[in-house]
There are 2 protein chains.
Amino acid sequence: MGRRQDLINTALRLFYEHGIHAVGINQVLEEAGVAKQTLYNHFETKDSLVEAVVEQRDSLFFDWLEQRMSSRPAGKEALLEMFDAVNDWINNRVPTLNRFYGCFFINTCAEYSDPEHPVHKRCAAHKARIFRLFKHHAESLSNSEMDAEELANALFLLKEGAIVKAHVEGDLEAAVKARAIAERMM
Amino acid sequence: MGRRQDLINTALRLFYEHGIHAVGINQVLEEAGVAKQTLYNHFETKDSLVEAVVEQRDSLFFDWLEQRMSSRPAGKEALLEMFDAVNDWINNRVPTLNRFYGCFFINTCAEYSDPEHPVHKRCAAHKARIFRLFKHHAESLSNSEMDAEELANALFLLKEGAIVKAHVEGDLEAAVKARAIAERMM
DNA sequence: GCCGAAGTAGACAGATCGGTCTATTTTTGA
DNA sequence: TCAAAAATAGACCGATCTGTCTACTTCGGC
């Protein structure tokens with residue numbers, strides 16, 4: 001797989017579970033079984049590694065969600081499938097996403113509050129991608145009360161809220177309840 | 001105000017802006033103008049200080065929100081006022097809450113992922129308090145489609161989603177949009 | 001077989017971490 | 001007034017942090 005990818009995978013797992021500032025470079029190296037100089041051959045600084053980790057999580061999560069949604073007819077059914085997918089994630093039924101510790105991008109922005117920081121920007125870009133995915137499906141719904149933008153936004157907020165509630169309060173049913181609310185809106 | 005309170009206030013400001021693990025004890029001491037031994041007379045460890053900080057933020061935020069909501073008739077109007085209050089917060093019109101860096105409790109849980117950790121538990125307790133406040137107002141609404149629990153939950157998720165979206169994506173209109181969605185549900 | 005690239009272990013640097021300790025000064029209340 | 005309590009400055013501890021450096025080994029392509 002290559003040392004670079006080993007480092008990214010190990011760092012993602014540790015950063016996601018414990019937070020970024022709580023995990024030192026040495027711990028990543030030890031668990032990845034890679035020498036320190038090798039890391040600094042591939043990445044200029046720890047922050048460069050963090051950027052690569054965020055990019056990796058972006059691909060991993062987006063591709064997974066897009067695939068889940070495309071397994072159902074575009075529109076309402078795909079959007080409801082999204083809540084089912086999130087529910088599976090919250091309840092640790094999606095091994096490729098690792099154990100559930102909330103949203104990695106929200107968590108990362110908690111540690112990189114400056115919106116101009118490259119790491120924060122990448123997290124924002126991920127959320128924008130997800131929103132566009134929702135909007136694409138919302139556009140194939142005709143709804144007199146709400147236009148596609150507003151519907152996508154509503155579903156996005158419900159999803160974000162459910163992820164946060166599941167993590168902070170340990171509510172494993174958060175996505176199921178969010179789905180019920182969403183269904184009534186469509 | 002007392003050194004203990006000085007320490008809590010300074011720590012809250014720094015922890016909220018930069019995250020908890022990114023801020024050292026020495027920085028808190030320097031900015032608070034307090035000696036190190038004084039801190040360890042009042043708190044056993046850094047984590048004890050963190051607990052006190054979370055408790056402080058809980059009071060500060062809850063009391064502020066409850067007051068804002070009670071300025072309007074109980075029920076629908078108070079619940080809509082909640083979104084206006086959050087909108088003011090996001091747009092830095094509430095000096096007592098400090099500059100907006102997302103939700104302190106969500107951010108803190110990102111750094112304390114273990115749900116059994118006292119700090120995480122206090123964050124969860126805060127969210128439960130807020131939810132009960134919402135539910136109280138939701139109960140004074142008669143709604144055939146949705147019971148009070150479900151309505152409170154929907155509004156809660158929209159609020160959490162809006163705060164996250166405002167922080168991660170810098171969307172200063174997030175609470176306004178959430179309010180519009182909420183209004184249609186009531 | 002050989003050369004250069006890539007990876008290894010591990011010492012090292014300078015800074016910072018949370019936390020302890022001592023010795024001195026300030027504050028406070030009976 | 002005077003003693004106890006509280007706060008001070010700052011040295012100190014061992015551990016850890018990111019990042020650099022050296023010297024040795026492994027490995028793949030020509």
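Quick note on labels: first sequence line is chain A, next is B, and so on, each numbered from 1. Note that these values count all heavy atoms, side chains included, but never hydrogens, waters or copies made by symmetry.
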- Output for pair (B:Y40 OH, B:S48 OG), nearest 0.5 Å, gives 9.0 Å
- For the side chain of A:T45, starting at C-beta, report the closest nucleotide among C:dT8, D:dG19, D:dT18. D:dG19
- Message: Does A:N41 form a side-chain hydrogen bond (donor to acceptor under 3.5 Å, both in side chains) with A:Q37? I'd like the steps, not just the answer.
- Response: CA-CA 6 Å; A:N41 285 341; A:Q37 189 55 45; 3.2 Å; yes
- Message: Please report the distance, rounded to the nearest Å, between CG in A:L39 and P in C:dG10.
- Response: 18 Å
- Query: Is the A:H126 ring parallel, tilted or perpendicular to the A:F105 ring (thresholds 30°, 60°)?
  - Reply: parallel
- Which value, rounded to the nearest 0.5 Å, describes the distance between A:L155 atom CG and A:E183 atom CD? 11.5 Å
- Do A:K36 and C:dG10 share a donor-acceptor pair, side chain to base, under 3.5 Å? no
- Query: Which part of the nucleic acid, if any, lies within reach of B:V23 when heavy atoms closer than 4.0 Å are counted: base, sugar-phosphate only, or nothing?
  - Reply: sugar-phosphate
- Task: Would you sort out whether A:H117 and A:D47 count as a side-chain hydrogen bond (donor to acceptor under 3.5 Å, both in side chains), showing the intermediate values?
- Result: CA-CA 10 Å; A:H117 194 289; A:D47 264 15; 3.1 Å; yes
- Among D:dG19, C:dG7, C:dG18, the one nearest B:Y40 by side-chain distance: C:dG18
- In whole Å, what is the span from the CZ atom of A:F43 to the P atom of D:dT18? 15 Å
- Message: Which is more 5' along DNA chain D, the nucleotide nearest B:A35 or the one nearest A:G24? Just name the residue.
- Response: B:A35
- Given that B:H21 and A:G33 both sit by DNA chain C, which one's nearest nucleotide is further toward the 5' end? A:G33
Using the 3.5 Å cut-off, write out each protein N or O paired with an N or O of nucleotides 23-30 of chain C and the distance between them.
none

- Message: A:E55: which residues meet the side chain to side chain contact (heavy atoms under 4.5 Å, CB included) condition with it, sequence neighbours left out?
- Response: A:R122
- Quick note, B:N26 side chain, CB onward, closest among D:dT18, D:dA7, C:dG18 is C:dG18
